[in-house]
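Report on the structure given below.
This is a predicted model, so every value here is computed, not measured. Whatever order the structure lists them in is the order used to number ligands and atoms, beginning at 1.
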Amino acid sequence: MDFSLTREQEMLKKLAAEFAEKELEPAAAEMDREHKFNEENFAKMAKLGFTGLGIPREYGGSGGGATEKVIVVSEFAKKCLTSAATLSIHSITPGVILKHGTEEQKKKYLPMLTEGGHLAAFALTEPGAGSDAAGVKTTAVYDAETDEFVINGTKCFITGGARASVLIIFAQTKPELGVKGLSAIIVEKGTPGFTSGKIEEKMGLAGSETAELVFEDCRVPAANLVGKEGQGFKIAMEALDGARVGVGASAVGLAEGAIDLSVKYMHERVQFGKPIAALQGLQWYLAEMGTRTETARWMVYYAAYLQDSQKPFTKEAAMCKLAGSETARFVSNLAMQIHGGYGYMKDYPLERIYRDAKITEIYEGTSEVHKVVISRAMLGK
Ligand code: COS
């Protein structure tokens with residue numbers, strides 16, 4: 001058992017930390033205030049190869065795997081959860097194309113989504129299909145005359161959906177088969193019949209635009225099918241396993257960022273004639289924050305290790321997401337207590353961190369969904 005990072009991983013961590021400090025942190029408050037995606041920083045992520053992580057170099061990627069993504073996403077989240085989530089969610093789609101796509105799809109889309117700097121989106125959720133992901137109602141009817149799918153339906157809460165150049169959407173190609181009739185299909189931005197609707201106003205994660213997507217007789221070539229017809233649900237669930245490790249990593253990063261701020265503040269802030277670091281009550285808060293964060297971190301690394309080793313990791317992905325997100329909320333809450341009134345003010349980053357933390361317990365599967373996944377695995381169901 002070796003808990004250390006390789007030399008390359010250490011270098012990547014340093015690069016990600018420097019980038020987060022120089023580029024992401026200064027932009028975080030404005031993104032939050034303006035509720036606007038930061039195109040410039042996404043382009044810089046692509047230039048530095050962060051968007052290519054997990055994709056082989058022959059397709060424009062930077063190599064590496066789940067562990068490298070975890071390292072980078074955590075470093076980003078220390079300074080800006082929105083940026084970490086943007087990278088993590090973007091990477092789902094190229095990951096699916098790499099695993100299930102045809103050679104033509106890989107050659108066409110992967111270089112765009114890695115070194116090309118184009119944003120990707122993953123569109124599963126619908127108004128009636130949230131936790132019950134199998135409840136997708138969007139249809140994709142095959143038209144043999146034109147060899148196309150005709151897509152109709154509405155997706156909601158899609159991260160980057162209105163901006164993405166390439167989306168993987170999940171639709172019923174054989175509704176009579178229920179969950180076994182779902183298929184994964186690539187849709188490109190600008191395809192007639194595909195429009196984006198409302199951009200949601202959110203409590204946190206404001207710089208990641210969450211969109212409604214509308215498909216009205218939207219025709220895409222049958223060659224855009226990813227994997228086999230009817231494999232969509234499994235493809236989505238597998239992709240979400242990886243995405244959940246990403247959420248765990250971002251939650252741990254956010255918690256680390258909140259701890260860093262708390263330690264600094266405890267040394268600086270003087271009350272009762274001494275720095276508040278001397279107060280045992282706050283020392284105990286800090287100890288609990290550190291212990292929970294460290295626990296979640298190793299759960300995240302373990303899930304990423306299993307994923308990189310091609311071993312089953314569904315349960316561990318759900319566990320690290322559950323533990324990580326609960327840690328993020330717990331730690332950001334105590335960090336707020338430590339900062340007192342200053343923590344609550346918009347001039348300081350903590351109130352954004354506190355608001356951002358909450359989403360980690362909701363997106364890519366709620367905590368309750370993860371408890372279902374974990375207990376089913378434990379019970380052998
Ligand atoms: N990997 C591969 N296949 C999986 C899988 C996984 N992680 N999880 C389930 N499957 C397969 C099952 O093996 C089953 O296939 P078979 O019928 O061939 O055995 C099929 O998918 C249906 O699985 P299951 O019966 O478990 O589906 P449920 O409808 O009970 O759904 C939950 C299970 C609730 C776990 C799922 O709907 C879920 O994850 N919901 C949350 C969705 C989510 O995270 N949304 C966030 C936004 S998406 S960006």
Side-chain angles (χ1 to χ4, degrees), residues 66 85-96 99-100 119-138 153-162 164 166-172 174 177-185 187 200 202 205 208-213 226-248 250-251 303 306-307 310-322 324-325 358-381:
T86 297
L87 179 67
S88 184
I89 295 169
H90 161 83
S91 77
I92 304 174
T93 292
V96 170
K99 181 149 187 207
H100 297 281
L119 186 69
F122 181 86
L124 173 65
T125 304
E126 295 186 1
S131 290
D132 181 11
V136 165
K137 292 279 182 287
T138 295
T154 303
K155 299 281 175 187
C156 66
F157 300 164
I158 307 303
T159 303
V166 179
L167 302 93
I168 289 189
I169 70 132
F170 294 84
Q172 287 285 358
K174 293 222 163 49
L177 297 182
V179 69
K180 294 210 178 340
L182 268 183
S183 300
I185 299 172
V187 178
E200 304 289 344
K202 305 191 296 296
L205 213 73
S208 102
E209 292 168 349
T210 304
E212 179 191 50
L213 309 179
V226 183
K228 293 202 177 72
E229 207 181 327
Q231 270 188 343
F233 193 72
K234 284 201 180 199
I235 291 176
M237 289 298 112
E238 255 178 42
L240 283 177
D241 285 344
R244 288 164 183 171
V245 180
V247 178
S250 66
L306 291 175
Q307 189 180 357
Q310 321 276 325
K311 292 180 178 155
F313 70 107
T314 298
K315 181 185 76 180
E316 289 75 10
M319 283 179 162
C320 81
K321 200 275 191 182
L322 176 65
S325 57
K358 182 60 197 170
I359 190 60
T360 64
E361 291 184 305
I362 298 171
Y363 71 175
E364 313 295 19
T366 59
S367 296
E368 292 70 22
V369 159
H370 292 107
K371 288 176 191 174
V372 170
V373 173
I374 295 162
S375 59
R376 278 185 186 174
M378 292 173 74
L379 293 165
K381 283 192 183 176

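Leu240 counts as a contact of ligand 1, since one of its heavy atoms falls under 4.0 Å from the ligand. Not a single heavy atom of Ala123 sits less than 4.0 Å from an atom of ligand 1.
Counting only heavy atoms of the protein, atom 15 (O) of ligand 1 lies nearest to Lys234 CE, 3.4 Å. For atom 27 (O) of ligand 1, the closest heavy atom belonging to the protein is Phe233 CE2, 3.7 Å.
Atoms of ligand 1 lying under 4.0 Å from at least one heavy atom of Glu364, given by number and element, are 44 (O), 46 (C), 49 (S). Atoms of ligand 1 found under 4.0 Å from any heavy atom of Phe122, numbered from 1 in the order shown, are 49 (S). Within ligand 1, the atoms closer than 4.0 Å to a non-hydrogen atom of Ala133 are 37 (O), 42 (C), numbered from 1 in the order shown. Atoms of ligand 1 found under 4.0 Å from any heavy atom of Asp241 (numbered from 1 in listed order, with element): 1 (N), 6 (C), 7 (N). Residue contact check: Val373 has heavy atoms under 4.0 Å from atoms 35 (C) of ligand 1. Below 4.0 Å from some heavy atom of Thr314 lie the following atoms of ligand 1, by number and element: 7 (N).
Residue contacts with ligand 1: Asp132 is placed with no nitrogen or oxygen under 3.5 Å of a nitrogen or oxygen of the ligand (distance criterion only). Every N/O-N/O distance between Val179 and ligand 1 stays at or above 3.5 Å.
The minimum heavy-atom distance between Ala171 and Val136, with the atom names listed, is CA-CG1, 4.2 Å. Here the closest non-hydrogen pair linking Thr210 and Phe157 is CG2-CA, 3.3 Å.
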